[in-house]
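Taking it in order: structure first as C-alpha cells, then the write-up.
Counting starts at 1 for both ligands and their atoms, in listed order.
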Amino acid sequence: MKTVYLKKGKEDSLLRFHPWVFSGAVHHIDNQRPAQPGQQLDFRHCGIEEGEMVRVADANGKFLAVGHWQIGSIVVRVLSFCDEPIVAQFWKNRLQVALDARIAIGVADNPANDTYRLVHGEGDNLPGLVIDVYGKTAVMQAHSVGMHTDRLTIAQALIEVMDGRLENVYYKSETTLPYKAELGQENGFLIGQTNENIALENGLKFHIDWFRGQKTGFFVDQRDNRSLLEHYSKGRRVLNMFCYTGGFSVYSMRGGAELVHSVDSSAKAVELVNRNIELNFPGDSRHKAFAEDAFKFLDEMGDGYDLIILDPPAFAKHKDALRHALKGYTKINQKALEKIRPGGILFTFSCSQAVSKEQFRTAVFTACALAGRRARILHQLHQPADHPINIYHPEGEYLKGLVLYIE
Ligand code: SAH
C-alpha cells in the first residue's frame, strides 16, 4: 500500500478525526519528489490508481489513517484511524455497528417500518457510501471511486451482516460517481433480483422506484417530519409542494386531512404520488395531484390552504450558488405565506448542505416580513437519526426545516 505524506502541520484535522485529506495538504507520495515551489503535485502520475487504498502519514512518517484515494479536492476519504487491513471483516464490523444503531433507534427490526438508511457516509464512518434499505432490498450508492472499487466485497458483507433481513442488493451509482473517473458504471443488481418494490414506512406503503427514481428511489430522510405533519393534518386543507413520491401527502391523508393537493413539475412524480395514494387509500377522493411548476402554481392558486409543505430540491448545490439559493427560499416561502389562511401551518425545508440553519431561518424570516404575516416557530426540524452526523464532520448536517404557525 502506498503512503501519502502530509505537509507539516496538516495532520491536525486528522488528529481530530475529520475524515478528509485535501489535495493541498499533501507533501509527497511514497518516494516521489515533493512539488517545487509554485508547482503542484501531479496526482495523475503518482503511481496510485483512483479508488486504491492508501496510508496517510504526517511529515515525520508517523501513521495517521488509511483510506480511499481519489483525484479531486478531497484526495483521501478516511476509513480508519487505526493501522488495520481493510478486508471483508472490516466492512462487516462497520456495517454491524450501523445496523445496531438502526435497531437502537427503532427503524430496523420494526414490523411497521422496513424503510431506513443503513449507511449514511461519514455519519457512519464510511465516507462515500450510502445504503438505503427497502424491505428485502438494499439500494447501495457509491459517491467515491474507492467505494465503487470495493462494491462487491461490501455487498457480500452486507448480506452476511443483515442475516436474513435482506435478499437483494441493487447498485445505483451511475449519477453519483465522479464523471471524470470515467468508470462507465451501469446500475444493476449485485446480489439477487426482484421487481417487488413495496416498502413500509411507519405502517404506510410506498412503491419505491429504485430503477428510475431520484436518489435511491425515495426520500427516507423526511420520515420523522412526515410523522409530525400527520399530527397537524386533521381537518386541514393541505398543499404538498414538490411532492415527489407523495410521502407528506400519504401521511396527511392518514392524519385526517379534509383535502390534499400534491404538486410536482415532473409528470413521473405525479404518477408516483397517485399510485402511492391508491396503495394506501384506494378510491379516496380527498387527494388530487398536479404536474405544474411550483412558482406558477403558488401564483395562480387561491387562498384555500391552511397547511402547506415546501420541500424543494437543493437550491444551492455549491457554496457559489448560495446567494441565489437564499433568494429562492425567500421567494417561494413568501408566495406560500401570502396565500396561507389565517391559523395556517407552514412546513418549510431546505436540503442544501451549503445553506446553514441560520441562513435558512433568515430567508424564511425575510419571507414572513415581505408577506406581512405574523409567524411563530413551532418546531425546528432536521434530518432523522438514521442520517446521523459524525461529530467530527459537521459538514454532514444538511436537512433543516421550520414549522410556522401563521396568524
Ligand atoms: N418532498 C419529497 C421530496 C422532494 S424532492 C418527499 O418527501 O419525498 C424535490 C422534488 O421537486 C422533485 O420531485 C422535483 O421533480 C420537484 N421539482 C423541482 N423543481 C420543481 C419546480 N420548479 N416546481 C415543482 N416541482 C419541482
Side-chain angles (χ1 to χ4, degrees), residues 115-117 132 134 139 175 197 199-202 204-210 212-230 232-233 238-255 257 260-277 279-280 287-301 305 307-317 321 324-325 327-336 346-353 355 381-384 386-387 398-403:
T115 304
Y116 55 93
R117 178 154 293 191
D132 284 338
Y134 301 114
V139 180
T175 56
N197 70 341
L200 203 58
E201 188 185 85
N202 285 327
L204 292 165
K205 287 179 248 163
F206 291 94
H207 287 285
I208 313 292
D209 190 351
W210 48 68
R212 285 161 301 166
Q214 303 175 43
K215 307 259 172 120
T216 62
F218 193 64
F219 284 73
V220 190
D221 57 1
Q222 289 287 22
R223 182 199 316 102
D224 293 353
N225 302 331
R226 290 178 188 130
S227 271
L228 182 68
L229 174 91
E230 181 176 353
Y232 281 106
S233 297
V238 179
L239 174 63
N240 180 11
M241 296 300 284
F242 308 96
C243 64
Y244 187 38
T245 57
F248 285 104
S249 305
V250 175
Y251 276 72
S252 61
M253 293 285 282
R254 186 168 70 177
V260 179
H261 287 170
S262 306
V263 179
D264 200 290
S265 55
S266 141
K268 179 86 191 46
V270 165
E271 188 191 316
L272 277 169
V273 63
N274 281 330
R275 282 179 72 199
N276 284 329
I277 294 281
L279 192 61
N280 293 278
H287 180 262
K288 220 171 153 188
F290 304 85
E292 271 230 39
D293 175 69
F295 290 88
K296 185 160 176 279
F297 190 94
L298 289 168
D299 280 338
E300 292 173 1
M301 73 182 196
Y305 300 107
L307 178 47
I308 299 181
I309 303 119
L310 298 177
D311 184 23
F315 283 167
K317 294 237 157 63
H324 193 65
K327 277 196 180 150
Y329 287 117
T330 296
K331 192 164 150 201
I332 192 115
N333 280 280
Q334 183 188 344
K335 283 181 190 291
L346 177 68
F347 274 66
T348 182
F349 296 96
S350 162
C351 60
S352 306
Q353 192 255 324
V355 173
L381 306 179
H382 38 77
Q383 64 214 63
D386 57 346
H387 292 58
Y398 72 100
L399 183 63
K400 52 245 139 209
L402 292 169
V403 182

| CG of Leu272 to SG of Cys243: how many Å apart, nearest 0.5 Å? | 9.0 Å
| Any N or O of Ser266 closer than 3.5 Å to N or O of ligand 1 | no
| request: Evaluate the ring planes of Tyr305 and Phe297, with Trp represented by its six-membered ring, and classify them as parallel (under 30°), tilted (30 to 60°) or perpendicular (over 60°). | output: tilted
| Within-shell test, Lys296 vs ligand 1, heavy atom, strictly < 4.0 Å | no
| field | Close aromatic pair by centroid cut-off 6.0 Å: Phe219 and Phe349 | value | no
| message | Return the closest protein heavy atom for atom 12 (C) of ligand 1 as residue, atom name and distance. | response | Gln214 NE2, 3.3 Å
| message | So for ligand 1, is Gln222 a polar contact partner (N or O within less than 3.5 Å, distance only)? | response | no
| request: Show which atoms of ligand 1 fall inside a sub-4.0 Å distance from at least one heavy-atom site of Phe219. | output: 3 (C), 5 (S), 8 (O)
| What atoms in ligand 1 come closer than 4.0 Å to a heavy atom of Glu292? | 23 (N), 24 (C)
| Which one holds for Phe297 and ligand 1: side chain close, backbone close, both close, or neither close, with close meaning a heavy atom under 4.0 Å? | neither
| Identify the closest protein heavy atom to atom 23 (N) of ligand 1: which residue and atom is it, and at what distance? | Ala294 N, 2.8 Å
| query | Taking 4.0 angstrom as the limit, do Arg223 and Asp386 come out as a salt bridge? | reply | yes
| note | Looking only at protein heavy atoms, what sits closest to atom 4 (C) of ligand 1 is Phe242 O, 3.2 Å
| Under 4.0 Å to a heavy atom of Pro313 - the qualifying atoms of ligand 1, by number | 9 (C), 11 (O), 18 (C)
| Among all protein non-hydrogen atoms, which one is nearest to atom 3 (C) of ligand 1, and what is the separation to 0.1 Å? | Asp311 OD2, 3.5 Å
| Checking Lys335 against Phe295: charged group under 6.0 Å from the ring centre and within 45 degrees of the axis? | no
| Which of the ligand 1 atoms, numbered from 1, are nearer than 4.0 Å to a heavy atom of Cys243 | 2 (C), 6 (C)
| said: With a sphere of 6.0 Å drawn around NZ of Lys327, does it hold more than 12 non-hydrogen atoms of other residues, nucleotides or ligands? | reply: no
| query | Which pair of heavy atoms, one from Ser350 and one from Tyr329, lies closest together, and at what distance? | reply | OG-OH, 3.1 Å
| Got a second to check how far Glu230's CD is from Asn225's CG, nearest 0.5 Å? | 13.0 Å
| request: Quick one: list whatever passes salt bridge (charged side-chain N to carboxylate O under 4.0 Å, His left out) with Lys205, sequence neighbours left out. | output: none
| Between CG on residue Leu229 and CZ on residue Phe347, distance to nearest 0.5 Å | 4.5 Å
| request: Between Thr245, Asp264, Val220, Asn225, flag the one that comes closest to atom 14 (C) of ligand 1 by a heavy atom. | output: Asp264
| request: Find all atoms of ligand 1 within a distance of less than 4.0 Å from any non-hydrogen atom belonging to Asp293, and give their numbers and elements. | output: 21 (C), 22 (N), 23 (N)
| said: I'd like to check whether Val263 has a polar contact with ligand 1, where a contact means an N/O of the residue lying under 3.5 Å from an N/O of the ligand. | reply: no
| So is Arg226 polar-close to ligand 1, meaning N/O to N/O under 3.5 Å? | yes
| message | Please find the pair of heavy atoms, one from Ile332 and one from Leu310, that lie closest to each other, and give the distance. | response | O-CD1, 3.9 Å
| query | At what distance is the nearest protein heavy atom to atom 26 (C) of ligand 1, and which residue and atom is it? | reply | Ser265 OG, 3.1 Å
| Less than 3.5 Å between some nitrogen or oxygen of Gly247 and one of ligand 1, yes or no? | no
